[in-house]
**Q** 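Take a look at this one; I'll ask things after.
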Amino acid sequence: MLSINNVSLRVEEKDILHNVSLDRKTGKNYCILGKNGSGKSSLAAAIMGHPSYEVIDGDILLDGKSIRDMEPHERAKSGIFLAFQQIPAIKGVKLFEFLRTIYNAKHDADERFIGFKKIVLPLMDELGIDEEFLWRDLNVGFSGGERRKVEILQLKLLEPRYIILDEVDSGLDVDAFRSVATLLSSLDSAENSIIIITHYFTILDYIPVDHVMVMQDGKVVREWSLELVEEVKEGGFNW
Ligand SMILES: Nc1ncnc2c1ncn2[C@@H]1O[C@H](COP(=O)(O)OP(=O)(O)OP(=O)(O)O)[C@@H](O)[C@H]1O
Ligand SMILES: [Mg+2]
């Protein structure tokens, strides 16, 4: 279980989250809604341990233990994965080496060139990613849809328990959206928990959520079951 207990967050001397709490249970999925600038991505950054986001109060616990002092890569190894709102590109790092490194780190493995190729190629085939992408720099010149698919490839390799999807449904064409949403829904299982941050609602037809929360000005202002989505669809964020 991943618990966010009364977390307050500061970035660049600015307080951006105030007493935010969320208990994530394995097997349950969550949705976070809220206006632009309400603090959704900042909460995701805090869970992942982004160094600019300073937790000034409260705590984040994984299976009962504080992860506040853990580095982002240690959190990733513990099973937390953040799909970024904007996926970065890294020049000089080949996709193959990047994937091999994160796979070996997560699984305490030592897969070399041939061994890892045998692991990654079938997954790429399943996702419809061309093998030539492996030899390109990470995400450099990849389209939005291609970056998303590469991110799903990472999810498949890492098999995280706690997945945060920060607006992964933005910027995709109709077909790419359907394909990405279908792939993501195939990852949903009783062994993991997905948080969906979104401004749209169609993705919720693919990944069912058990609990919905609405953020406003860095606070959680409303929490309910899926019915809260209907309320927001009809009335917006006017509380
Ligand atoms: N690195 C940063 N430096 C300065 N201010 C920041 C930083 N990160 C977030 N903020 C501020 O914190 C507030 C919350 O931003 P955040 O990105 O979490 O919102 P969001 O709910 O994800 O919005 P959106 O729906 O537009 O993605 C905003 O006012 C933003 O300007
Ligand atoms: Mg955001």
Side-chain angles (χ1 to χ4, degrees), residues 2-22 24 29-60 67-68 70-73 75-76 80-90 139 144-145 147-148 151-152 154-155 160 162-172 176-177 180-181 184 193-204 206-207 209 211-224 228-239:
L2 183 71
S3 306
I4 296 135
N5 289 345
N6 292 309
V7 163
S8 296
L9 205 65
R10 182 172 293 162
V11 57
E12 308 279 339
E13 321 244 313
K14 195 168 129 191
D15 292 346
I16 48 174
L17 288 190
H18 314 276
N19 280 315
V20 172
S21 293
L22 172 68
R24 290 181 73 178
N29 296 331
Y30 301 77
C31 175
I32 304 180
L33 304 172
K35 290 182 185 170
N36 294 130
S38 55
K40 305 178 298 297
S41 295
S42 303
L43 175 61
I47 297 172
M48 207 59 228
H50 190 298
S52 307
Y53 294 76
E54 185 196 353
V55 176
I56 51 168
D57 202 11
D59 208 349
I60 302 173
I67 60 166
R68 240 179 105 159
M70 272 164 86
E71 297 290 330
H73 69 269
R75 297 184 196 211
I80 305 173
F81 185 96
L82 170 60
F84 289 104
Q85 187 168 358
Q86 271 135 10
I87 307 174
I90 306 178
N139 290 328
R147 286 182 190 210
R148 243 352 129 199
E151 199 167 51
I152 296 171
Q154 291 171 49
L155 278 164
Y162 297 99
I163 301 167
I164 308 167
L165 305 174
D166 193 358
E167 293 195 32
V168 297
D169 48 0
S170 298
L172 298 174
F177 170 77
V180 163
L184 287 171
S193 157
I194 302 177
I195 287 186
I196 300 169
I197 299 173
T198 184
H199 291 298
Y200 308 101
F201 305 103
T202 317
I203 191 154
L204 304 177
Y206 291 80
I207 305 171
V209 299
H211 191 84
V212 181
M213 60 190 242
V214 174
M215 293 189 65
Q216 199 163 296
D217 300 325
K219 296 189 201 93
V220 178
V221 290
R222 205 81 164 76
E223 284 186 81
W224 202 16
L228 185 50
V229 171
E230 295 307 319
E231 209 178 282
V232 171
K233 272 190 202 170
E234 277 170 32
F237 295 117
N238 300 312
W239 283 288

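Remember, it's 1-based here, ligands and their atoms both numbered in the order they're listed.
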**Q** Under 4.5 Å between any side-chain heavy atoms of Met213 and Val20, yes or no?
**A** yes
**Q** Do Leu22 and Ile195 touch side chain to side chain, with heavy atoms closer than 4.5 Å?
**A** yes
**Q** Kindly compute the distance separating CG (Asn19) from CG (Asp57), expressed to the nearest 0.5 Å.
**A** 6.5 Å
**Q** Can you name the residues that come within less than 4.0 Å of ligand 1, going by heavy atoms only?
**A** Val11, Glu12, Lys14, Ile16, Lys35, Asn36, Gly37, Ser38, Gly39, Lys40, Ser41, Ser42, Tyr53, Gln85, Glu167, His199
**Q** Tell me, please, which residues at least two apart from Tyr162 pass ring-ring contact (aromatic ring centres under 6.0 Å, His included).
**A** none
**Q** Using side-chain heavy atoms (C-beta onward) and a distance below 4.5 Å, is Leu33 in contact with Phe201?
**A** yes
**Q** Apply side-chain contact (heavy atoms from CB on, under 4.5 Å) to the pair Asn29 and Ile196, showing each step before the final yes or no.
**A** CA-CA 8 Å; Asn29 296 331; Ile196 300 169; 5.7 Å; no
**Q** Go through the structure and list residues passing ring-ring contact (aromatic ring centres under 6.0 Å, His included) with Tyr206, not counting sequence neighbours.
**A** Phe177
**Q** Would you mind reporting whether Ile164 and Met48 have side-chain heavy atoms less than 4.5 Å apart?
**A** no
**Q** Quick one: name the protein N/O/S atoms under 2.8 Å from the Mg ion (ligand 2), chain by chain.
**A** Ser41 OG, Gln85 OE1
**Q** Output yes when a side-chain donor or acceptor of Lys40 lies under 3.5 Å from a complementary backbone atom of Met215, and no otherwise.
**A** no
